[in-house]
Amino acid sequence: SDILAHLIHDDSVAVVYAYNRSRPDVADRQKRSFRERGLDESDLLSEKFRPVEGDMSEPYLGLNEALYEEVGSMLPLIRPSSNVHITTDP
């Protein structure tokens with residue numbers, strides 16, 4: 001959440017995609033995480049913030065192909081909670 005908030009406020013960053021595992025409470029978990037860290041929840045309403053949900057075990061990480069290509073074209077990819085190797089092959 002700290003990295004996410006930093007990127008949202010960074011003027012050199014145009015778009016921030018936040019990849020989450022698909023779960024019914026994704027938005028609530030994101031808000032709770034911000035609240036617990038003393039971050040401003042309204043940052044999650046920023047036009048540059050784009051939450052996406054998927055399944056890393058599925059082709060294209062569970063995203064539709066167009067979104068996968070769009071996200072894949074936006075580098076660098078930051079994934080602080082685990083090591084993930086992304087290739088362009090589904």
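What you see is a predicted model, and the numbers here were worked out from it, not measured in a lab.
Considering CZ of Phe34 and CG of Asp43, their distance stands at 5.5 Å, rounded to 0.5 Å. Here the CD-CG distance, from Glu70 to Leu63, works out to 10.0 Å after rounding to the nearest 0.5 Å. Leu67 CG to Tyr60 OH: the interatomic distance, rounded to the nearest 0.5 Å, is 12.5 Å. Atom OG of Ser1 sits about 13.5 Å away from atom NZ of Lys31, to the nearest 0.5 Å. To the nearest 0.5 Å, the span separating CG on Leu7 from NE2 on His9 amounts to 10.5 Å. Rounded to the nearest 0.5 angstrom, Tyr68 OH and Leu61 CG are separated by 5.5 Å.
Judged by distance alone, the side chain of Lys48 and the main-chain N or O of Ile8 form a donor-acceptor pair under 3.5 Å. Remark: side-chain polar atoms of Asp25 are not paired, donor with acceptor, to backbone N or O of Arg23 under 3.5 angstrom.
Taking 4.0 Å as the cut-off between side-chain N and carboxylate O, Glu41 and Arg35 count as a salt-bridged pair.
Side chains of Asp2 and Arg37 form a contact here, defined as non-hydrogen atoms less than 4.5 Å apart. Counting only heavy atoms from C-beta outward, the side chains of Val15 and Phe49 never approach each other to under 4.5 Å.
Taking every heavy atom of both residues into account, Tyr19 and Gly54 meet most closely at OH-C, 3.1 Å. Scanning both residues, Ala18 and Asn20, for their nearest heavy atoms gives O-ND2, 3.2 Å.
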(request) Quick one: do Gln30 and Leu4 satisfy side-chain contact (heavy atoms from CB on, under 4.5 Å)? Show the steps, please. (result) CA-CA 10 Å; Gln30 199 103 56; Leu4 179 57; 3.5 Å; yes
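Taken together through direct or relayed side-chain contacts under 4.5 Å among Ile, Leu, Val, Met, Phe, Trp and Tyr, Val26 and Val52 form parts of separate hydrophobic clusters.
A donor atom on one side chain and an acceptor atom on the other are not found under 3.5 Å apart for Ser33 and Arg29.
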